[in-house]
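Before any comments, here is the structure.
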Amino acid sequence: MIRVGILTFQNAINYGAVLQCYALQKKITDMNCNCEVINYINPYFKKRYSPFYVEYLNLKKFIYMIFAFYYRRTRARKFARFLENHICLSPQYTSRNIKECIKRYDAVIVGSDQVWNLDISGNDKNYFLGFAKGIRRYSYAASFGDLEITENKSNDYRSLLENIEEISVREADGASIVHKLCNKKTIVNVDPVFLISEKDWLKIASDVNDTGYILVYKINASKCYDVAEKLSIQTRKKVKVILPDRSCPHNFEKYRTVSPEEFVGFFKNADIVITDSFHGTLFSLIFEKIFYICPDEITNNNNSRLMNIIEKLNIHQQIIENIGQVDTNTLPNFTKIKMELSTERKKAEEYLEHIIDDTRLNMEKAE
């Protein structure tokens with residue numbers, strides 16, 4: 001059985017990061033591989049996701065840190081439990097000894113998530129697999145995020161990408177970057193959360209003991225609250241908010257310590273979803289919810305991963321640019337969406353089968 005290691009952001013306290021990690025590992029395991037996630041400790045993430053972390057400290061931030069500590073610590077413990085229960089992890093590795101992990105694998109896959117955004121990873125170049133010489137190196141739906149690669153960084157990125165035998169990226173912008181830098185053949189694949197079925201997601205979803213509500217999951221866009229307020233009045237449904245910020249209306253139900261399993265459960269049981277999040281949009285699609293996308297930056301094309309899925313699935317009508325656009329009759333065409341996602345899933349499966357076959361062939365040659 002082929003041994004595959006996945007290198008991704010498994011230790012991020014981020015719902016999209018750990019759920020895409022779970023989905024990719026499950027998919028590769030289901031393809032008759034022995035698959036585990038490389039438990040690589042990125043020092044930047046370790047610091048950033050500490051319950052005490054703040055970007056800069058002043059009195060206001062210090063007070064907020066004290067207030068938020070309990071919630072952040074509780075959430076971190078729930079994420080650690082999710083990894084323990086649902087992810088097959090390797091022993092821990094750091095940048096000092098990550099080369100040692102290659103004896104465990106026949107191939108390493110980096111992705112998904114913004115693994116190639118050096119601003120996100122703390123300039124950690126191990127996500128380009130330079131340490132894995134001697135075994136097959138691939139990517140699946142790797143993302144540069146919204147990173148602009150300046151001229152002085154181009155040579156660095158070019159040499160890093162040369163390490164990888166087969167390149168799969170998540171966004172069309174990423175394919176353009178690879179083509180421009182090193183003219184390597186590149187395939188665009190969907191985020192791993194689409195690789196497993198709704199039934200698979202239901203198996204790990206926690207029961208949140210409620211139904212028929214409006215769910216808000218936002219990263220930045222404050223207008224999500226305005227849209228939720230309007231829809232709540234129109235539909236007489238209560239509003240639940242995952243990770244509310246200080247501007248969250250007092251009459252909304254707030255959930256600050258949601259686990260990854262609960263996150264999936266909240267989407268499963270919602271009637272309507274309002275989000276500015278990429279993975280918030282994806283889980284709305286998986287569970288076929290009425291949903292609205294209202295990111296502040298979308299019209300400026302600063303969110304390439306969200307724009308990419310909007311264009312691919314032709315769901316522009318779900319974008320809310322101003323509060324007057326909110327219309328509960330604006331429903332996604334899930335028949336067409338399911339057909340498109342089925343095509344994308346098959347394309348992804350063919351790519352994964354190809355790299356598994358390539359690994360097997362390489363092993364036979366080495367014997």
From CA spacing to verdict: side chain to side chain donor-acceptor pair (under 3.5 Å), S176, D173: CA-CA 5 Å; S176 298; D173 286 357; 5.3 Å; no
Nearest-0.5 Å distance that lies between atom CG in D226 and atom CG in L231: 11.0 Å
Under 3.5 Å side-chain donor-acceptor pair for T359 and Y138: yes
Check: N163 main-chain N/O paired with R137 side-chain donor or acceptor under 3.5 Å: yes
Distance (rounded to the nearest 0.5 Å) between T281 OG1 and L306 CG: 4.5 Å
Same apolar cluster: F334 and I309, side chain cutoff 4.5 Å: yes
Euclidean distance, I38 CD1 relative to L129 CG, rounded to 0.5 Å: 7.5 Å
Polar side-chain atom of K218 near backbone of P244 as donor-acceptor pair, under 3.5 Å: no
Test log, rule salt bridge (Lys or Arg N to Asp or Glu O under 4.0 Å), inputs K223 and E321: CA-CA 9 Å; K223 75 175 75 170; E321 294 181 4; over 6 Å; no
Residue pair E253 / Y255, side-chain donor-acceptor N/O under 3.5 Å: yes
For L19 against P260, the heavy-atom pair lying closest together: CD2-CB, 4.1 Å
From CA spacing to verdict: salt bridge (Lys or Arg N to Asp or Glu O under 4.0 Å), K26, D30: CA-CA 6 Å; K26 176 167 175 47; D30 289 348; 3.2 Å; yes
Polar side chain donor-acceptor pair, Y93 to N126, under 3.5 angstrom: no
Distance-only donor-acceptor check, side chains N189 and E344, under 3.5 Å: no
H354, NE2: over 12 other non-hydrogen atoms inside 6.0 angstrom: yes
Worked verdict on K125 versus D156 for salt bridge (Lys or Arg N to Asp or Glu O under 4.0 Å): CA-CA 10 Å; K125 296 173 183 176; D156 202 11; 2.8 Å; yes
I274 reachable from V258 in the ILVMFWY side-chain graph, under 4.5 Å edges: no
Side chain to side chain donor-acceptor pair (under 3.5 Å) between D327 and Y292, worked out: CA-CA 10 Å; D327 180 2; Y292 301 93; over 6 Å; no
Donor-acceptor pair, side chain of D113 and main chain of V115, under 3.5 angstrom: no
S168 side-chain N/O to A141 backbone N/O, donor-acceptor pair under 3.5 Å: yes
Separation of R81 CZ from R77 CZ (nearest 0.5 Å): 9.0 Å
Heavy-atom donor-acceptor pair, W201 side chain to V193 backbone, under 3.5 Å: yes
Chi angles and distances behind the salt bridge (Lys or Arg N to Asp or Glu O under 4.0 Å) call for D271, K237: CA-CA 9 Å; D271 273 3; K237 296 179 186 294; 2.7 Å; yes
Donor-acceptor pair, side chain of R136 and main chain of R360, under 3.5 angstrom: no
Distance-only donor-acceptor check, side chains S139 and E166, under 3.5 Å: no
Single-linkage hydrophobic cluster I167~L24, side-chain heavy atoms < 4.5 angstrom: yes
same_hphob_cluster(L243, V227) at 4.5 Å side-chain heavy-atom cutoff: no
Check: Y217 ring centroid to F283 ring centroid under 6.0 Å: no
Identified ring-ring contact (aromatic ring centres under 6.0 Å, His included) partner of W116 from the options F144, Y157, F9: F144
Separation of M339 CE from I337 CD1 (nearest 0.5 Å): 12.0 Å
Interatomic spacing from CD1 in I177 to OG1 in T186 - rounded to 0.5 Å: 10.5 Å
Heavy-atom donor-acceptor pair, E262 side chain to S259 backbone, under 3.5 Å: yes
Under 3.5 Å donor-acceptor, Q318 side chain and F291 backbone: yes
Sidechain-backbone polar pair: E261 side chain, F82 backbone, donor-acceptor under 3.5 Å: no
Cation-pi, Y213 ring and K240 (6.0 angstrom, 45 degrees): yes
Whether N308 side chain and A172 backbone form a donor-acceptor pair below 3.5 Å: yes
Shared hydrophobic cluster, F263 / I214 (ILVMFWY, side-chain heavy atoms < 4.5 Å): no
Exceeds 12 heavy-atom contacts within 6.0 angstrom, atom NZ of K184: yes
Parallel, tilted or perpendicular, as decided by the 30° and 60° cut-offs, for the rings of Y127 and Y40: perpendicular
Residue pair H279 / D191, side-chain donor-acceptor N/O under 3.5 Å: yes
Those residues that, when tested against Q317, pass side-chain contact (heavy atoms from CB on, under 4.5 Å) (two or more places apart): T330
I135: side-chain contact (heavy atoms from CB on, under 4.5 Å) partners, not counting sequence neighbours: I102, Y105, V108, A132
